[in-house]
Peer 1: 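This is the structure I want to talk about, given as structure tokens.
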Amino acid sequence: MSLTADNVKKIAHLARLGIEQQDVASYAKDLSGMLALMTQMGDVVTDGVEPMAHPMDQAQRLRADQVTEQDNREKFQSIAPQVEAGLYLVPKVIE
Amino acid sequence: MYNKSIAELAKGLRSGQFSSVELTTAFLDRIKQHTALNAYITVTEDLALQAAKAADIRLTKGDAELLTGIPMAQKDIFCTEGVKTSCGSKMLDNFIAPYNATVVDKFNSAGAVMLGKLNMDEFAMGSSNETSYYGPVKNPWAINNVPGGSSGGSAAAIAARLAVCATGTDTGGSIRQPAALCGITGLKPTYGRVSRYGMIAYASSLDQGGPMTRSAEDAAIMLQTMAGFDPKDSTSVDLPIPDYSAGLNNSLEGLKIGLPKEFFGEGLNADVAATLEAAINEYLKLGAKITEISMPSLKLAIPAYYVIAPAECSANLSRFDGVRFGYRCENPVDLADLYTRSRGEGFGKEVKRRILMGTYALSAGYYDAYYIKAQKIRRLISDDFNNALAEVDVIMGPVTPSTAFGIGEKIGNPIEMYLSDIYTIAINLAGLPAMSVPAGFAKALPVGLQIIGNYFSEDKLLNIAHQYQQVTDWHTQTPKGFE
């Protein structure tokens, strides 16, 4: 399975990832190379094998529903690109 | 002073032979002498001297720990409050972490002195340290060669004696592979043993922090400080922590070592193979027994990894969007442009490649064929290890197929670069602990021996490595120009 330039552009759009037009072909080639590597997996019969998501098959731990964090808004916003009145600013979304 | 172990330095600090300020100053001077290695992204001179002064007070008061006053460094993937935490990326070039990683807090409370933040592959994605936004790190053993990656700055700094010890992280070999290529000792603990809180995430089901040191004895001391349950990390494991130094001198008589035939076949450089054979012979002399084993699913580790790790990476790195922190593009015209350009300009090529791969593997219509399939293969690989470790105590093999390769040699061919992690990746998929131990040289470049153990057997691995280091001196050798 190999990917075309159009496939790469579509994936980049899904990831909201800007890529330069001149790099599209090389990404298509590299990703196709990775996919070629993965065809080996298709040769293995895995019917009935349980997918493994965690190395020790642990479930995520739950904790009591209590407030544990302090309000650090000012500290966190001090490193933000653009804030005003405690809000993160982005370009206008609604006309 | 630079060649002393942590225990020797701790003794010197207590006997008044030197103070932590003197020791720290000596290391800071050395870092300045060797900036050409590019091992550090940030040197925190003022903070280091403050910490050293505080350590000297603790030492005088007599409430010091083993690491109090010891100059060490953090891989730049660990958040350090008030200090730039770049993760080797332009995306975080302006990021001053607002809090400490748990690992950093632990070293701070132990009184360790942080000299600075170490260079690394961008977001820990790379095997040569060439993907760093801050430029490649040089291997102290051969200045035109790579130090390995992603913890390349950590490995080079220890080899060149620019820190006594350092942290690293390992998602597919990022502690062990650079440790091997730079001739130092590196330990990737069991998944869940060391807190991931404040350690910038790449692939969350594989990432694990660990110690990088000259000797196993030093690694035991570092791991003692790093390990432990952390309620802030939902995958942290709540199990008691053994005394990692207590069993270092246990005898290896009767130790059962498994050698997987898949580790010693085609693809392994002949000089590396010969060096490893000599190392394994040393273990025979120490009373160990060898069994050949087979792990047929090992060959599937690279394809499974390059589905699972990019999939997790594409999810984890979606947080870098130019809104709350990190890089933002100039004059975005709308929100879509803000996201797309901030990410496009902030990430380097290897990171983009993995985000694209992961996005594709998780997209509608491909999820079952790639992601679920890879997770099933992951189970088969893990079963292989469990079966093997039911019969032998530890598994040994190479860390890398060859010694350190040239800077620029593989960076243009990502698939070839991925294959340099062929012996390390399977261990992360299984979540097992493993070490890289200096085992000699092939054509004057360091070779690492990999020792893989069962879950939470770090104490056993350290014992096995330490016993080897009692009868060999590979781990004490210093590259020319750094004596």
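Numbers restart at 1 for each chain; the letters A, B, ... are given by sequence-line order, proteins then strands.
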Peer 1: Taking the ring centre of each residue, are B/Tyr455 and B/Phe385 less than 6.0 Å apart?
Peer 2: no
Peer 1: In the structure I gave you, are the side-chain heavy atoms of B/Phe456 and B/Leu239 within less than 4.5 Å of one another anywhere?
Peer 2: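 Counting from C-beta outward, B/Phe456 and B/Leu239 do come under 4.5 Å.
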Peer 1: For the candidates B/Arg324, B/Glu345, B/Arg341, which exhibits the highest count of non-hydrogen atom pairs separated by less than 4.5 Å from chain A?
Peer 2: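 The answer is B/Arg324.
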Peer 1: Anything in residues 10-18 of chain A with a heavy-atom distance to chain B below 4.5 Å? Please list those residues in order.
Peer 2: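 Within residues 10-18 of chain A, near chain B: A/Ile11, A/Ala12, A/Leu14, A/Ala15, A/Arg16, A/Leu17, A/Gly18.
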Peer 1: Do the side-chain N and O atoms of B/Thr80 and B/Thr85 include a donor-acceptor pair separated by under 3.5 angstrom?
Peer 2: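 Yes.
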Peer 1: Kindly determine whether B/Thr190 and B/Glu458 satisfy side-chain contact (heavy atoms from CB on, under 4.5 Å), including the steps that lead there.
Peer 2: CA-CA 8 Å; B/Thr190 309; B/Glu458 288 82 3; 2.6 Å; yes
Peer 1: For the residue pair B/Ser314 and B/Arg354, confirm or rule out a side-chain donor-acceptor distance under 3.5 Å.
Peer 2: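 Their side chains do not contain a donor-acceptor pair, so the 3.5 Å distance test is not met.
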Peer 1: What part of B/Glu81 gets closer than 4.5 Å to chain A, counting heavy atoms only: side chain, backbone, both or neither?
Peer 2: side chain
Peer 1: Under a plain distance cut-off of 3.5 Å, with no hydrogens placed, do A/Thr4 and A/Asn7 share a side-chain donor-acceptor pair?
Peer 2: yes
Peer 1: Which one, A/Leu89, A/Leu37, A/Asp30, leads in non-hydrogen pairs under 4.5 Å with chain B?
Peer 2: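 Greatest number of close heavy-atom pairs with chain B: A/Asp30.
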Peer 1: Are side-chain N/O atoms of B/Glu312 and B/Ser204 paired as donor and acceptor at under 3.5 Å?
Peer 2: no
Peer 1: Grab the two heavy atoms, one from A/Gln60 and one from B/Ser234, that are nearest each other, plus how far apart they are.
Peer 2: OE1-OG, 3.0 Å
Peer 1: Using only non-hydrogen atoms and a strict under-4.5 angstrom cutoff, which residues of residues 372-380 of chain B touch chain A?
Peer 2: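 Contacts with chain A: B/Ile372, B/Lys373, B/Ala374, B/Gln375, B/Lys376, B/Ile377, B/Arg378, B/Arg379, B/Leu380.
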Peer 1: Between B/Ser294 and B/Glu262, is any pair of side-chain heavy atoms under 4.5 Å apart?
Peer 2: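 Result yes, sub-4.5 Å side-chain heavy-atom pair found.
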Peer 1: Classify the ring geometry of B/Phe95 against B/Phe325: parallel below 30°, tilted from 30° to 60°, perpendicular beyond 60°.
Peer 2: tilted
Peer 1: Do you know which of B/Leu335, B/Leu356, B/Asn94 has the most heavy-atom pairs under 4.5 Å to chain A?
Peer 2: B/Leu356
Peer 1: Would you check if there is a donor-acceptor pair between the side chains of B/Glu122 and B/Thr131 at a distance under 3.5 Å?
Peer 2: no
Peer 1: Which residues in residues 297-310 of chain B have any heavy atom lying under 4.5 Å from a heavy atom of chain A?
Peer 2: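 From residues 297-310 of chain B, the residues near chain A are B/Lys299, B/Leu300, B/Ile302, B/Pro303, B/Ala304, B/Tyr306, B/Val307.
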Peer 1: Is it the backbone or the side chain of B/Ser318 that comes under 4.5 Å from a heavy atom of chain A, or both, or neither?
Peer 2: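 B/Ser318 has no heavy atom closer than 4.5 Å to chain A.
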Peer 1: Does any heavy atom of chain B fall under 4.5 Å from the side chain of A/Met41, the backbone, both, or neither of them?
Peer 2: both
Peer 1: Under 4.5 Å between any side-chain heavy atoms of B/Arg353 and B/Pro414, yes or no?
Peer 2: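 Yes; the side chains approach each other to less than 4.5 Å.
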Peer 1: Do A/Glu84 and A/Leu87 touch side chain to side chain, with heavy atoms closer than 4.5 Å?
Peer 2: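 Not in contact.
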Peer 1: Should B/Gln208 and B/Thr169 be marked as a side chain to side chain donor-acceptor pair (under 3.5 Å) after you check the CA-CA gap, both sets of side-chain angles, and the distance that decides it?
Peer 2: CA-CA 6 Å; B/Gln208 183 63 202; B/Thr169 62; over 6 Å; no
Peer 1: Which residue out of B/Ser342, B/Gly346, B/Pro332 racks up the most heavy-atom pairs below 4.5 Å with chain A?
Peer 2: B/Pro332
Peer 1: Can you check whether anything in residues 65-76 of chain A gets within less than 4.5 Å of chain B, heavy-atom wise, and list it by number?
Peer 2: A/Lys75, A/Phe76
Peer 1: Please check this pair: side chain of B/Glu350 against backbone of B/Met125, looking for a donor-acceptor N/O pair closer than 3.5 Å.
Peer 2: no
Peer 1: Quick one: do B/Asp334 and A/Lys92 make a salt bridge, cutoff under 4.0 Å?
Peer 2: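 Between A/Lys92 and B/Asp334 there is no salt bridge, as every charged N stays at least 4.0 Å from the carboxylate O atoms.
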Peer 1: When only pairs under 4.5 Å are counted, which of B/Gly358, B/Ala369, B/Gly344 shares the most heavy-atom pairs with chain A?
Peer 2: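 Top option by heavy-atom pairs under 4.5 Å: B/Gly344.
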Peer 1: Looking at chain B, which one of A/Ile19, A/Asp23, A/Val93, A/Val44 has the largest number of heavy-atom pairs inside 4.5 Å, strictly under?
Peer 2: A/Val44
Peer 1: Are a donor atom and an acceptor atom from the side chains of B/Lys349 and A/Ser26 found within less than 3.5 Å of each other?
Peer 2: yes
Peer 1: Counting only heavy atoms closer than 4.5 Å, note whether B/Asn331 contacts chain A via side chain, backbone, both or neither.
Peer 2: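 When you check distances to chain A, no heavy atom of B/Asn331 falls under 4.5 Å.
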Peer 1: Between B/Tyr371 and chain A, which part of the residue has a heavy atom less than 4.5 Å away: side chain, backbone, both or neither?
Peer 2: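 Neither part.
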Peer 1: Hey, are B/Arg328 and A/Gln82 close enough side-chain-wise for a donor-acceptor pair under 3.5 Å?
Peer 2: yes
Peer 1: Identify which of B/Ile355, B/Leu338, B/Ile96, B/Val323 forms the greatest number of heavy-atom pairs closer than 4.5 Å to chain A.
Peer 2: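 With the most close heavy-atom pairs to chain A, the winner is B/Val323.
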Peer 1: Are B/Phe123 and B/Phe320, when compared by the centres of their aromatic rings, separated by less than 6.0 Å?
Peer 2: yes
Peer 1: Determine yes or no for a side-chain-to-main-chain donor-acceptor pair under 3.5 angstrom, with B/Asn454 supplying the side chain and B/Ser457 the backbone.
Peer 2: no
Peer 1: Is it the side chain or the backbone of A/Leu62 that comes within 4.5 Å of chain B heavy atoms, both, or neither?
Peer 2: neither
Peer 1: Does either side chain, that of B/Asp207 or that of B/Thr171, offer a donor lying less than 3.5 Å from an acceptor on the other one?
Peer 2: yes
Peer 1: Is the closest side-chain heavy-atom distance between B/Tyr99 and B/Cys79 below 4.5 Å?
Peer 2: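 Side chain of B/Tyr99 against side chain of B/Cys79, heavy atoms only: contact under 4.5 Å found.
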Peer 1: Say whether B/Asp230 and B/Ser236, considering side chains only, have a donor N or O and an acceptor N or O under 3.5 Å apart.
Peer 2: no
